[in-house]
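Scroll down for the structure; my scribbles are underneath it.
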Protein chains: 2
Amino acid sequence: MTVTIKDVARLAGVSASSVCRALANPGGVRPDTREQVQRAVRELGYVPNRTARALSTGRTGNLGIVLPDLANPFFAGVVKAAQTRARALDHSVFLSDIDEDPAVETLLIRALLRQVDGFLLCSPRSSDEELRALHGKVPIVLLNRRLTPFPSVTLDAASGMTQALLHLHVLGHKRVAYVAGPRTSWANRERLRGLRSAAESRPIEVIEVGTAPPTVEGGAAMADVVLRTGVTAVLAFNDLTALGLLNRLRDRNFHVPEEISVIGFDGILLSSLVSPALTTIGVDMERIGQAGVDLLLETMADPAHPPAHRKLPTQLIVRSSTDVVRPH
Amino acid sequence: MTVTIKDVARLAGVSASSVCRALANPGGVRPDTREQVQRAVRELGYVPNRTARALSTGRTGNLGIVLPDLANPFFAGVVKAAQTRARALDHSVFLSDIDEDPAVETLLIRALLRQVDGFLLCSPRSSDEELRALHGKVPIVLLNRRLTPFPSVTLDAASGMTQALLHLHVLGHKRVAYVAGPRTSWANRERLRGLRSAAESRPIEVIEVGTAPPTVEGGAAMADVVLRTGVTAVLAFNDLTALGLLNRLRDRNFHVPEEISVIGFDGILLSSLVSPALTTIGVDMERIGQAGVDLLLETMADPAHPPAHRKLPTQLIVRSSTDVVRPH
DNA sequence: TTGTAGGCGTTATCAT
DNA sequence: ATGATAACGCCTACAA
């Protein structure tokens with residue numbers, strides 16, 4: 001039924017090891033032998049069983065990608081890019097959506113541990129300790145989180161926040177709100193830190209209005225709180241949150257951006273389609289996913305010399321054309 | 001370094017076979033033996049190597065999900081649900097985004113063939129022949145495509161299209177356009193068929209304006225063609241296409257829905273956030289993903305008696321509040 | 001250059 | 001109820 005290396009060997013009139021060599025190391029075998037083998041392979045439609053190979057070599061050719069929520073276009077975009085990159089490098093991808101639940105994260109990782117050569121952990125929600133406990137067991141690259149001794153791909157949130165605040169400053173804003181993301185999110189802390197730091201040197205007050213799930217619903221739920229602070233602008237943890245805000249503000253008959261400015265983070269497609277279009281701090285999801293996989297493969301190749309961290313740029317995308325402040 | 005079943009056996013003072021039994025079939029072993037084994041397992045932190053198990057049992061505990069484009073929120077939503085369901089049933093998921101390229105689809109499937117117990121093929125772009133060639137080799141469930149002898153999960157496109165056309169009819173529309181999706185998409189043909197069939201019994205003319213990639217860009221590119229037909233309403237293959245249309249129409253200073261109505265398909269979150277919100281034919285992505293996995297597991301359990309096809313409902317979601325026609 | 005003989009970790013068969 | 005033993009498919013010394 002299932003064609004194995006032995007079938008190929010028999011048909012080619014050689015031993016299994018020769019088949020193996022002919023495939024793995026075409027130079028290490030006589031040309032005519034290789035010819036025989038290749039013909040047999042084609043004829044039988046032989047495909048090596050990677051599961052069996054993994055048992056023997058200890059390498060599976062698989063990567064594990066773990067992320068908080070695939071419904072967030074940011075992660076979908078990153079995974080798409082990562083998966084494409086992985087395939088180009090002859091690797092398959094296990095996908096695990098933990099649905100924002102830190103508890104299942106480490107469980108999932110442990111379950112997949114021996115089925116992958118390494119993990120790309122996107123915005124992991126686990127504690128530093130839990131993650132560190134994994135170190136040495138399996139190559140890991142962190143996305144959107146910085147934690148020694150792991151290699152990681154992060155975003156230059158400080159730059160993005162500075163660009164955004166400068167933008168708001170020029171428009172005359174004096175008080176801005178920040179709607180935070182998950183407490184367990186390193187990126188959230190980083191963005192807030194960047195925002196605060198950018199505000200220090202400017203006459204702008206930053207008000208942290210609290211944490212919301214990084215979803216449209218989460219953002220919508222925070223709109224009233226934001227309004228109560230009387231700010232003229234609000235920065236959200238990410239685009240989904242910002243869109244939720246935008247929507248609820250519109251329901252409340254507040255005009256964006258005339259009465260209140262909203263700025264998101266990620267630059268997902270969706271942010272460009274709403275109207276008024278969302279001003280946001282954009283990132284290159286494709287590059288993020290690629291970089292993650294590249295770093296991971298480097299780490300796997302040489303665990304002793306893990307590659308350096310990579311910090312990717314952010315770029316403010318101003319979309320609302322009439323950011324005129326009318327302080328209230 | 002890595003703890004195997006033998007380590008457990010040694011520590012528990014039993015044979016490897018007993019460890020295996022104690023874990024797989026707790027009843028088939030003496031209570032005190034099981035006790036010993038469980039203690040050893042905990043102490044050593046033993047986790048069975050699923051790769052090795054797969055080699056022995058022939059079952060991997062993995063599913064493969066293949067889809068055209070993860071950047072499409074419809075597929076992201078379906079995959080999220082499917083993945084969650086799979087995990088609940090103790091299965092892991094391989095993900096493959098083929099980026100709308102039929103050529104890589106079968107290649108990918110063949111590559112993963114021995115690493116999964118079955119495939120969930122979402123909107124497969126391959127030909128009937130290519131797919132049928134896979135039959136018998138591995139359990140397969142089709143999503144968004146009907147093709148004997150495969151079990152499948154499909155949508156009641158005809159119903160959705162009928163609802164939409166009735167809606168347009170009531171509003172007085174006489175000529176509507178359909179912006180098609182990929183030619184290789186079964187769902188596209190089905191939707192067009194449903195639309196045509198619904199139009200037969202009504203005084204409405206359906207004009208197929210051509211094929212567009214099922215993306216925002218694809219939709220945008222078709223806007224001018226749609227305008228040239230002079231229709232008062234346009235149905236798009238999916239929401240992304242519809243949103244592209246919406247956007248470009250707005251750029252052309254056409255008012256939606258006053259001057260032209262736009263209707264999408266899928267009911268992705270995005271469609272509810274734009275303004276005017278997109279009227280669309282909604283589906284339950286979560287249920288689709290769940291049903292896909294459920295069917296697949298049934299098929300795997302008993303390949304001789306594959307489960308029946310499942311056709312899931314569609315529901316027109318009217319969002320634009322002022323669908324008044326001003327025929328031109 | 002090629003074949004033979006393990007072994008990877010697990011499960012299943014067969015005695016005991 | 002338990003323990004040897006033989007697979008599963010592949011890879012890699014080692015020997016020829």
Side-chain angles (χ1 to χ4, degrees), chain A residues 1-38 40-41 44-62 90 110-117 137-138, chain B residues 1-38 40-41 44-62 90 110-117 137-138:
Chain A
M1 169 67 219
T2 151
V3 35
T4 78
I5 201 172
K6 286 183 181 174
D7 301 318
V8 178
R10 195 173 320 123
L11 180 58
V14 299
S15 76
S17 30
S18 288
V19 175
C20 189
R21 277 188 288 260
L23 265 42
N25 178 15
V29 78
R30 237 177 26 209
D32 57 327
T33 305
R34 185 181 49 202
E35 196 60 32
Q36 296 294 325
V37 171
Q38 288 177 334
V41 164
L44 267 41
Y46 168 73
V47 177
N49 183 329
R50 298 190 90 145
T51 300
R53 175 183 298 179
L55 199 54
S56 176
T57 63
R59 311 190 59 254
T60 63
N62 298 327
D90 199 31
R110 296 208 128 81
L112 281 179
L113 208 51
R114 312 232 158 279
Q115 272 186 104
V116 303
D117 295 335
K137 289 195 190 303
V138 58
Chain B
M1 170 64 218
T2 151
V3 35
T4 80
I5 201 172
K6 287 184 181 174
D7 300 319
V8 178
R10 194 174 317 123
L11 180 57
V14 298
S15 75
S17 342
S18 290
V19 175
C20 185
R21 276 188 289 260
L23 264 40
N25 177 15
V29 78
R30 236 175 28 207
D32 56 327
T33 305
R34 185 182 47 203
E35 195 62 31
Q36 296 294 325
V37 170
Q38 288 178 334
V41 164
L44 266 41
Y46 168 72
V47 176
N49 182 329
R50 299 189 91 144
T51 300
R53 175 182 300 179
L55 197 54
S56 177
T57 62
R59 310 191 58 253
T60 63
N62 299 145
D90 199 32
R110 295 208 130 80
L112 280 178
L113 208 50
R114 313 232 159 277
Q115 270 185 107
V116 303
D117 296 334
K137 289 194 189 305
V138 59

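Keep in mind that what you see is a predicted model, and the values were worked out from it rather than measured. Letters A, B, ... mirror the listed sequences (proteins, then strands); counts begin at 1.
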**Q.** Angle by which the axis turns from one end of the helix from C/dT1-D/dA16 to C/dT16-D/dA1 to the other, five pairs per end, to 10 degrees
**A.** 40°
Q. Does anything in residues 51-60 of chain B pair up under side chain to side chain donor-acceptor pair (under 3.5 Å), and if so which pairs, sequence neighbours excluded?
A. B/Thr60-B/Asp117
Q: Using salt bridge (charged side-chain N to carboxylate O under 4.0 Å, His left out) as the criterion, list what pairs up with A/Arg114, not counting sequence neighbours.
A: none
(Q) Any non-hydrogen side-chain atom of A/Arg110 less than 4.5 Å from a side-chain atom of B/Val47? (A) no
Q | Separation of D/dG9 C1' from A/Leu23 CG (nearest whole Å) | A | 14 Å
Q | Separation of D/dT2 P from B/Gln36 CD (nearest whole Å) | A | 11 Å
Q: For A/Thr51, answer base if it contacts any base atom (sugar-phosphate contacts may also be present), sugar-phosphate if it contacts only those atoms, and nothing otherwise; contact means non-hydrogen atoms under 4.0 Å.
A: nothing
Q.
Does anything in residues 8-17 of chain A form a salt bridge (charged side-chain N to carboxylate O under 4.0 Å, His left out)? List the pairs, not counting sequence neighbours.
A. A/Asp7-A/Arg10
**Q.** Where at least one partner belongs to residues 12-29 of chain A, residue pairs that pass salt bridge (charged side-chain N to carboxylate O under 4.0 Å, His left out), sequence neighbours excluded
**A.** none
**Q.** B/Ile5: side-chain contact (heavy atoms from CB on, under 4.5 Å) partners, not counting sequence neighbours
**A.** B/Ala16, B/Val19, B/Cys20, B/Tyr46
Q.
Applying side-chain contact (heavy atoms from CB on, under 4.5 Å), can you list everything that pairs with B/Leu55, at least two apart in sequence or on another chain?
A. A/Ala52, A/Leu55
For [X], which residues count as a side-chain hydrogen bond (donor to acceptor under 3.5 Å, both in side chains) partner, sequence neighbours excluded?
X: B/Gln115; value: A/Asn62
X: B/Thr4; value: none
X: A/Asp32; value: A/Arg30

Q.
Can you give me the first and the last nucleotide of DNA chain C (5' to 3') that has an atom within less than 4.0 angstrom of a non-hydrogen atom in chain A?
A. C/dT1 to C/dG9
For nucleotides 10-12 of chain D, list the nitrogen or oxygen atoms of the protein found under 3.5 Å from its nitrogen or oxygen atoms, one pair per line.
{"from": "D/dC10", "atom 1": "OP1", "to": "A/Tyr46", "atom 2": "OH", "distance (Å)": "2.7"}
{"from": "D/dC10", "atom 1": "OP1", "to": "A/Asn49", "atom 2": "N", "distance (Å)": "3.1"}
{"from": "D/dC10", "atom 1": "OP2", "to": "A/Ile5", "atom 2": "N", "distance (Å)": "2.6"}
{"from": "D/dC11", "atom 1": "OP1", "to": "A/Arg53", "atom 2": "NE", "distance (Å)": "2.4"}
{"from": "D/dC11", "atom 1": "OP1", "to": "A/Arg53", "atom 2": "NH2", "distance (Å)": "3.1"}
{"from": "D/dC11", "atom 1": "O4'", "to": "A/Ser56", "atom 2": "OG", "distance (Å)": "2.7"}

